[in-house]
S.K.: 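Below you will find the structure I want to go over with you.
Protein chains get the first letters and strands the later ones, always in sequence-line order, with residue 1 at the start of each.
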Protein chains: 2
Amino acid sequence: MSEVAATGISVLLVDDHPIVRQGYRRVLESQGDLHVVAEADNAADAYGAFKTHDPDVVVMDISMPGASGLEAIRNIRARNPRARILVFTMHNEAVLVKAAFSAGASGFVTKSSAPSAVVNAIRSIARGERAMSDDIAHVLAEDSLSPAGSALDQLGEREIEILQQFAGGATTEEIAAHLNLSVKTVQNYHYLIKTKTGARTDAQLVRLAATCGLTRI
Amino acid sequence: MSEVAATGISVLLVDDHPIVRQGYRRVLESQGDLHVVAEADNAADAYGAFKTHDPDVVVMDISMPGASGLEAIRNIRARNPRARILVFTMHNEAVLVKAAFSAGASGFVTKSSAPSAVVNAIRSIARGERAMSDDIAHVLAEDSLSPAGSALDQLGEREIEILQQFAGGATTEEIAAHLNLSVKTVQNYHYLIKTKTGARTDAQLVRLAATCGLTRI
DNA sequence: TCGCGGCTCGGGCAAATTTCCCAGGCCGGA
DNA sequence: TCCGGCCTGGGAAATTTGCCCGAGCCGCGA
């Protein structure tokens with residue numbers, strides 16, 4: 001803590017778009033107390049960079065090609081349970097937010113937030129607090145009030161993850177490779193997700209994922 | 001042109017994420033010759049800002065909530081056919097690229113490109129040239145070489161019809177019943193459509209149909 | 001007029017996937 | 001401790017896919 005106060009907050013930036021990273025870096029560093037010590041454009045590199053740099057805060061977009069961002073969060077937290085991770089993404093679906101927090105994230109800010117929201121969130125979670133942007137708070141609030149819940153609420157973390165990749169166009173083999181699962185397990189999840197959500201067709205599954213904000217079309 | 005050379009290149013930035021815009025602005029303005037004269041976070045505002053500021057180049061993410069980015073391109077070009085628009089997005093599908101150019105875009109750069117690629121593209125299209133990032137060039141090259149291409153324009157009427165129903169969530173049996181076909185024929189069409197479009201997954205098929213306006217989600 | 005090519009429609013058959021059902025391990029709560 | 005949930009995968013039958021095939025229809029150019 002005292003170290004943080006003395007030297008500012010070191011940040012690891014994870015996003016798959018170089019220019020976006022470049023922009024974040026400039027925005028954060030113009031604050032004075034925030035220092036981007038490393039960048040990564042995928043989950044594996046993010047884990048590697050975390051090990052080498054041990055940053056105070058990881059700012060991560062969880063919608064990356066290849067391995068899942070949630071998986072990256074779990075990996076980082078497994079190595080260091082005190083790691084602070086701020087999810088910073090365009091998605092604002094309650095299930096995703098819940099999944100991120102239960103995977104070990106300390107904060108969740110959408111990209112439609114004002115720049116100051118991100119900066120404040122970084123400072124908050126560096127102090128060990130939890131942080132989220134206003135729109136996320138509203139989404140969670142709405143979600144907790146609705147008794148029925150979205151069709152996706154009955155899905156577990158893993159199921160959400162697999163649905164997201166599937167709806168994004170990944171094949172069963174690709175998903176298995178990304179998540180280090182057997183093809184058989186992914187097939188079983190595929191089936192389970194369909195029965196749980198009531199989708200009778202892959203196309204219906206994609207539409208569901210899209211309307212719930214799990215994937216962009 | 002001489003005006004441009006004297007005062008640099010004025011840019012209108014269109015993206016629905018404030019922080020992303022903020023980042024772009026800093027990246028572009030650090031170049032010296034690029035000046036962001038206005039920003040917009042949706043298609044309607046983009047059109048308004050274009051009318052007021054008449055920028056040399058519009059840098060636009062076409063995946064925005066609400067009105068379509070393609071529609072915005074058409075509107076701007078309808079007002080001023082000499083408008084230069086650079087599409088700057090995370091998508092890299094051939095159909096989208098073609099659609100953007102035929103809507104009147106002058107360039108197409110993905111967010112996974114290096115920052116210099118965006119800057120160079122802006123300068124190129126300000127000179128009246130066409131520009132695209134390397135990955136987009138590859139996507140288009142692949143697309144033009146594949147015997148069937150990957151867009152929907154080579155699908156027959158029946159194929160379009162079946163794709164539409166399929167993407168809408170109908171099962172094979174339902175489609176067969178609707179169109180008075182045997183299940184086998186629908187299956188064959190399904191397969192044919194996949195090979196013609198290059199989709200390796202039903203999910204990719206749905207996304208394709210959606211981006212081409214064949215179905216709404 | 002004839003042939004050519006494209007679209008439509010479906011059969012066939014091996015290979016792959018989906019659909020269920022089941023089980024063990026793990027973990028958190030009663 | 002036991003129960004229930006999630007995660008992980010095996011097994012086997014049912015279904016679909018991948019790819020090849022032929023037939024009928026229609027327009028178009030020689």
S.K.: Looking at A:Thr185, I'd like to know whether one of its side-chain N or O atoms comes within less than 4.0 Å of OP1 or OP2 on D:dT8.
M.R.: no
S.K.: Separation of A:Glu157 atom CD from D:dT8 atom P, in whole Å?
M.R.: 10 Å
S.K.: Rounded to the nearest angstrom, tell me the gap between atom CZ in A:Arg74 and atom C1' in D:dC6.
M.R.: 12 Å
S.K.: Among C:dT17, D:dC7, C:dC20, which nucleotide has an atom closest to any side-chain atom of A:Gln187?
M.R.: C:dT17
S.K.: Just N and O in the side chain of B:Ser182: are any of them under 4.0 Å from OP1 or OP2 of C:dG10?
M.R.: yes
S.K.: Calculate the interatomic distance between B:Asn188 atom CG and C:dC7 atom P; express it in whole Å.
M.R.: 16 Å
S.K.: Rounded off to whole Å, could you give me the CG-to-P distance for the B:Leu179 and C:dC7 pair?
M.R.: 18 Å
S.K.: Any chance the rings of A:Tyr24 and A:Phe88 have centres within less than 6.0 Å?
M.R.: yes
S.K.: What is the separation between atom CD1 on A:Ile175 and atom C1' on C:dT18, rounded to the nearest whole Å?
M.R.: 14 Å
S.K.: Expressed in angstrom and rounded to an integer, what is the separation of B:Tyr191 atom OH from C:dT17 atom C1'?
M.R.: 16 Å
S.K.: Under a 3.5 Å cutoff, is there a donor and acceptor pairing between the side chains of A:Arg123 and A:Gln31?
M.R.: yes
S.K.: Counting only distance, no hydrogens or angles, is the base of C:dG6 paired donor-acceptor with the side chain of B:Lys196 under 3.5 Å?
M.R.: no
S.K.: With a 4.0 Å cut-off, would you call A:Glu29 and B:Arg26 a salt bridge?
M.R.: no
S.K.: Between B:Lys194 and D:dG18, is there a side-chain N or O to OP1/OP2 distance below 4.0 Å?
M.R.: yes
S.K.: So is A:Arg130 actually on top of A:Phe108's ring, under 6.0 Å and inside 45° of the axis?
M.R.: no
S.K.: Tell me the interatomic distance from A:Leu192, atom CG, to D:dG10, atom P, rounded to whole angstroms.
M.R.: 17 Å
S.K.: Rounding to an integer number of Å, can you tell me how far B:Asp202 CG sits from C:dT17 P?
M.R.: 12 Å
S.K.: Using a strict cut-off of less than 4.0 Å between a Lys/Arg side-chain nitrogen and an Asp/Glu carboxylate oxygen, indicate whether A:Arg21 and A:Asp16 qualify as a salt bridge.
M.R.: no
S.K.: Remember a base hit wins even if backbone is also touched, and classify B:Glu161 as base, sugar-phosphate or nothing at under 4.0 Å, heavy atoms.
M.R.: nothing
S.K.: OP1, OP2 of D:dT17 versus side-chain N and O of B:His190: anything below 4.0 Å?
M.R.: yes
S.K.: Between C:dT8, D:dC7, C:dG10, spot the one nearest the side chain of B:Tyr189, thanks.
M.R.: C:dT8
S.K.: If you find the nucleotide of DNA chain C closest to A:Val183 and the one closest to B:Val183, which residue's nucleotide is nearer the 5' end?
M.R.: B:Val183
